[in-house]
Amino acid sequence: MSEEVTAEILQTHILDLAAEGRRLDGRGPDEYRKVSIEPGFVVTADGSALVRLGETMALAGIKLEVGKPFPDTPNAGVLTTNAELIPLSSPTFEPGPPQPGAIEVSRVVDRAIRAAETVDLTALCVTPAEKCWTCFVDVHILGHDGNLIDAALLASVAALSGATIPLKRFGVGEADRPLEIHHRPIECTFVRLGDTIVVDPTFDEEHAAQGRLTVATDEIGRVVAMQKGLVGAFSPDDIKSVVRRAFVHGDRLRAMIGRNGR
Amino acid sequence: MSEEVTAEILQTHILDLAAEGRRLDGRGPDEYRKVSIEPGFVVTADGSALVRLGETMALAGIKLEVGKPFPDTPNAGVLTTNAELIPLSSPTFEPGPPQPGAIEVSRVVDRAIRAAETVDLTALCVTPAEKCWTCFVDVHILGHDGNLIDAALLASVAALSGATIPLKRFGVGEADRPLEIHHRPIECTFVRLGDTIVVDPTFDEEHAAQGRLTVATDEIGRVVAMQKGLVGAFSPDDIKSVVRRAFVHGDRLRAMIGRNGR
Amino acid sequence: MSEEVTAEILQTHILDLAAEGRRLDGRGPDEYRKVSIEPGFVVTADGSALVRLGETMALAGIKLEVGKPFPDTPNAGVLTTNAELIPLSSPTFEPGPPQPGAIEVSRVVDRAIRAAETVDLTALCVTPAEKCWTCFVDVHILGHDGNLIDAALLASVAALSGATIPLKRFGVGEADRPLEIHHRPIECTFVRLGDTIVVDPTFDEEHAAQGRLTVATDEIGRVVAMQKGLVGAFSPDDIKSVVRRAFVHGDRLRAMIGRNGR
Amino acid sequence: MGSVGAKEVPVLLDAEGRRIDGRRLDELRPLTIRAGPLRQADGSAFVEWGQNKVMAAVYGPREVHPRHLQQSTKAVIQCRYNMAAFSVDERKRPGLDRRSQEISKVIAEAFESVVFAEEFPRTSIDVYIEVLQANAGTRCAGLVAGSVALADAGIPMVDLLPAVAVGKVGGAIALDLKKEEDNFGEADLPMALVPQSGRLVLLQMEGHMTEPELAQALELGVGGCRTIYEKMKAALRDRYSVAPVAAEAS
Amino acid sequence: MGSVGAKEVPVLLDAEGRRIDGRRLDELRPLTIRAGPLRQADGSAFVEWGQNKVMAAVYGPREVHPRHLQQSTKAVIQCRYNMAAFSVDERKRPGLDRRSQEISKVIAEAFESVVFAEEFPRTSIDVYIEVLQANAGTRCAGLVAGSVALADAGIPMVDLLPAVAVGKVGGAIALDLKKEEDNFGEADLPMALVPQSGRLVLLQMEGHMTEPELAQALELGVGGCRTIYEKMKAALRDRYSVAPVAAEAS
Amino acid sequence: MGSVGAKEVPVLLDAEGRRIDGRRLDELRPLTIRAGPLRQADGSAFVEWGQNKVMAAVYGPREVHPRHLQQSTKAVIQCRYNMAAFSVDERKRPGLDRRSQEISKVIAEAFESVVFAEEFPRTSIDVYIEVLQANAGTRCAGLVAGSVALADAGIPMVDLLPAVAVGKVGGAIALDLKKEEDNFGEADLPMALVPQSGRLVLLQMEGHMTEPELAQALELGVGGCRTIYEKMKAALRDRYSVAPVAAEAS
């Protein structure tokens, strides 16, 4: 019970601050936390990146394997995204099968990668209808201080940007070649705190929030994915304003990945 | 506790009525509820039927896929029956893996379909030992007011009776052709209420029952499956009398499916 | 609570006895329980043996099937070991997925069989990279009075020693032939009770123990597997002394299996 | 969206701006809603929408299962969106896949945004949505069915939740996509509206749109929701007029 | 039953009415029952029947796991029928498949029909049946073993539960089918009898029989059960005579 | 160990007794330990050891989940050793396989051998070990990381738990195997030492060794553990000197 009371006091405090355009960690409503991207963190992966948004930490690793195309897309490779919200990363996560929260992160990241045509899947076809590359994007959340979706996609895109196709390991070619990246989608997440909508929420802000909205944009001006989450509502005007802000943050974050990500 | 008391009062009442040959809904001991069969309810299925026994509602859908024969029956197709007792259909069902009750329904329906040689499985062989049709019978229970087995088999047989083999969809032939049906088994379920054995029990009657007995018959005078369920016992004479009644109800219900079920 | 108290009293009693070099069932610290091995107990298996260590009872059954070699060992067959600690065998086991204790038994037995090169896996290759024999070692624990690892390995090695490869059943050859056995590892388990280290612990001794140590040896003087388990610690001198004792017990138990185990 | 490497793409929009089934860009598919078809449930609804058939049932407020999800200050809203094995072209394995689990989560959050959950502390309100026949837009059909079922169960809510998907098809923004449009179109944007406040409680998007297209899509979707809203209210009126006593009691 | 499309069917009944293993139509396979082979269990039994080997153990009355299954007015009877991976020709994956779960259910219901469960409210009586070697009729062997194990555990019951399968083989009704008869015969009808009342508490059937055949099968099965009943009682007598004190205490 | 039937075996020991990466037989791979990298956890550590990267976090003492594991006289030590999908050459399916479950068990038992669990009855102390990049010896790296994380969390212990694997490579006993040595060597013997008592709380072995080789391996391993012990203490000193207040509070 005392925990619930503490949580309620914290929520009220966060909402009171937001009403004055302030936040618990001193940021402004449209201020993103310090971001760092460490590409190539894991040498056993075919591509990897460790991303930090404040205390939130996501490690993405890419693995490519030779597999079989789906019957309905015989000329394309296969892409699979999985996010693990392991109990190491937060006192609130428990061991066991993936919870809806982890599934949501996986699927929203997957949709952005897919819709933005991040990876040229047709280039992953080896023999039509028979043999193709399967590209696994695995995200390991190591620290959870809110906004897992943005961190997970950023790590994934950075990892993909530096990935190589292991042709030698699978005896498919003489030399490995870089995985070709078309677009670099960036997801930007906001939460409503009363009448204020703030970017890049912390864990505490997410628990105080009255609705969450994620917008993925790419570098050629397209919105490629959106996801409203948590209990709460957004007006069409809220949404349009959030989309505008997402483009600005997206461009800035995308620049951090760099052209080839290596 | 109050729930248990209510349940006990209801049980006593049902048993008292039964002792006078009466039932809660006014039926006689050998009276079946109103039955309706709506074939072709689901167009995405290769065959389907919605069956109602009073408030009990079962929707069966047939899907055929190209697969591989079992090694020990290289000249036959494969038939699989699955009943889902989804939580939508009853306050007593919970989400999760199939419970023993759902498995029993699936298996008793499967045995009747199989033993009556409802579907000519050898006609589902495409290339011996290599390629055959797999016929999935999926039953979705939408309303549970007792006697799920009868409803599930009736829906399954009606759905099979109107099913087509999707040769075009799988590129195995030029035109689809109807699935050939040999026999039409009908399951008829009874419960013991004291010394009275009543047909087509409701949910409440099943909970008051001292034993359940299901008998499947076909149109050429064969008993093709039986299943005793619940706590309780039947004498050989009880069983013989129940079998007799099952043939009468079976013939009547079978006529409702019609010759080609379409 | 009363159960916990009883358990504590029993533990103290076992430790007190051990301090005087005595045990609850009258054995000395280095005395193994009566062992019996019944080979060929199950005719449906390709090899089997029922082993009793006092009231502990393990039944191992071997099954061979034609399968596919692993990509990284194209010239070898596949060996799989699984121990089932079924709830029939002990009031402390519950139905459900394998618990860590069952997994540990499986893996320690598997390691000993593998490291001792009990079965010549290359002899199980039929066509390199394409076809091989998969050898399943399944151990069913029927009675749990401690020391499951020793019982499980003893049953497994005895069952393997009498196993045949079912060439006829799989149409791979004209006549079945015996499975060739290279080495016969024996696992010997000890627990610490205060300063005394006793062999072949009972269920109660395992619960009173301050550490468990299992050593697998083969007939040519090699240690092939070790496993420390439970809460507790062993000094290097403890370990060396335990290894010495494990060789002595190993030779004696190995002789019980006999040269061809049939 | 964007079936990369797929075999053939149909023409989704003809020269006169007519869609594959003859609809205009702002036209809904036929929609019928029936409240209360299931007697076992506390509330229920059956929705036929284009070639979708979706059944919903509501149980609760009732005891929470599993227990540890119970909340001391409000009801827990649990949702299970499930597709029947035969509801799609290629048979679906029974049970909840990851897609169904995600949809269950966002639908539950949408309902929790409008239900007065504080009125029923320590209870669960369970919404079960079964897709019997699917043809794009099933989560919106599920929201409509679930929302009418909640009303049928007498659960107090801010408002009903009409829902519809808007998409981009052959370069144009179109209301209420059907299967071919969803498979081969450029974007899909399902939403659920609280008519009273004009705010959205469910919003997802997949594909690609520009900012102006998105603005247009939101407007088109909100308009569609308002049409659907009227049908939902009519279905509940029909229910009450047929069986006033049962409705009263529920 | 009816292995459609299978390769070859053996001759199951010769001209003199002898079966594949030389038995007459009304003849049981050899059956030995041993009560109390497991010391860890509250009760146990080992049954060898033809080429079946089945072990059963009973634990209880004891605390109910999982807790929510507990009943305030009686004991819960839980049964787990399981086959060892090596008990059949083609290796079975460890764990309960759907067949095992169904059999566990009907066996539990059969036992609950004879156990005085009201004497032990809020407890569980757990019957574990392990098939070590299978050759048709394992559920009947399991019922016999489980029933003797329950008696060995001192659980009060109306009566023991002898069980046997009757089938139709080469056109004739035959007692106690073995594997080839079960695989290639026309019908299989397992049953469990309460000898005292002459009623059946387990009855299943698969295959096809006419009404007169069914009547004949019931008669043959009830007779077989009565023979088995005597062997069950003898096994329990042997158990008591060997270890009277332990039996008293159990 | 002993990849039977594998394609090619590299030369693991050259004529001068140098190993595949140039190390001597008694030489450790480079090891760096950082205490406290994760702020969300009660204690944490990150270990880079050769090409291993392992993160550990400790939560607790806290409420026990699931409840029925709670013990009335002491804390339960729970451990979860897990490998990231991309941590090995061939992608590993997410989730705990049997190997991970066994390692989790022996590591938990090792920690329980040194933690003063009686000080925290009815609680759980949870140690999470995540292998991010693997190159043989990950369970020892996990023990080192977990042990430092426990100290960082302020959990009272008899001592820290340095750990290392000794193996047999090209016929010689060698300290701290790397991947090729583990795959193609003759034996692998991981151990964890309580430096104060000189006793081992984790010991496993796979492969084959003679008795004298085993004695030599134990000696080599204990020596290696003592070197690692110093690095563990240094990492904790660094942690305290950087953030004395936080360390005090933890």
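Protein chains get the first letters and strands the later ones, always in sequence-line order, with residue 1 at the start of each.
- Contact of Val201(E) with chain B is made through backbone and side chain together, with heavy-atom distances under 4.5 Å.
- For the pair Leu214(E) and Met226(B), the minimum side-chain heavy-atom distance is below 4.5 Å.
- Interface remark: Leu213(B) contributes side-chain atoms only to the contact with chain E (heavy atom separation under 4.5 Å).
- Nearest heavy atoms, Arg98(E) versus Thr81(B): NH2-O, 4.3 Å.
- With a 4.5 angstrom heavy-atom cutoff, Val215(B) does not touch chain E via any of its atoms.
- Only the backbone of Leu202(E) has a heavy atom closer than 4.5 Å to any heavy atom of chain B.
- When each of Met191(E), Glu90(E), Arg199(E) is checked for heavy-atom pairs under 4.5 Å with chain B, Arg199(E) comes out on top.
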Problem - Worked verdict on Arg99(E) versus Arg107(B) for side-chain contact (heavy atoms from CB on, under 4.5 Å) - result: CA-CA 8 Å; Arg99(E) 175 181 170 277; Arg107(B) 285 185 54 85; 3.6 Å; yes
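- The distance from atom CG of Leu218(E) to atom CG of Asp237(B), rounded to the nearest 0.5 Å, is 9.5 Å.
- Looking at heavy atoms from C-beta onward, Glu117(B) lies in side-chain contact with His208(E) at the 4.5 angstrom threshold.
- Ion pair Glu211(E)/Lys240(B) not flagged as a salt bridge, since none of the NZ, NE, NH1 or NH2 atoms sits closer than 4.0 Å to an Asp/Glu carboxylate oxygen.
- When all heavy atoms of Gly198(E) and Pro236(B) are compared, the pair lying nearest together is O-CD, 3.3 Å.
- With contacts defined as side-chain heavy-atom distances shorter than 4.5 Å, the pair Lys228(B)/Ser113(E) qualifies.
- Contact of Phe247(B) with chain E is made through the side chain alone, with heavy-atom distances under 4.5 Å.
- Arg222(B) and Glu186(E) are not joined by a salt bridge, as no carboxylate oxygen comes within less than 4.0 angstrom of a charged side-chain nitrogen.
- Between Val223(B) and Glu213(E), the closest side-chain pair of non-hydrogen atoms is not below 4.5 Å.
- Using a 4.5 Å cut-off between heavy atoms, Val114(E) does not touch chain B at all.
- Note that CG of Leu230(B) is 6.0 Å distant from NZ of Lys105(E), once rounded to the nearest 0.5 Å.
- Residue Gln101(E) holds its CD atom at 8.5 Å from CD of Gln99(B), rounded to the nearest 0.5 Å.
- Rounded to the nearest 0.5 Å, atoms CD1 (Ile220(B)) and OG1 (Thr210(E)) are 11.0 Å apart.
- For Glu27(E), the CD atom is densely surrounded, since the number of other residues' heavy atoms within 6.0 Å is greater than 12.
- Ranked by heavy-atom pairs under 4.5 Å with chain E, the first of Gly229(B), Pro100(B), Ser106(B), Ala116(B) is Pro100(B).
- In Phe70(B), the CZ atom is not crowded: 12 or fewer heavy atoms of neighbouring residues, nucleotides or ligands sit closer than 6.0 Å.
- Residue Glu119(E) places its CD atom among more than 12 non-hydrogen atoms of other residues, nucleotides or ligands, all under 6.0 Å distant.
- For Glu219(E), the CD atom sits in a loose shell: 12 or fewer heavy atoms of surrounding residues, nucleotides or ligands are nearer than 6.0 Å.
- Note that CD1 of Ile239(B) and CG of Leu189(E) are 8.5 Å apart. Values are rounded to the nearest 0.5 Å.
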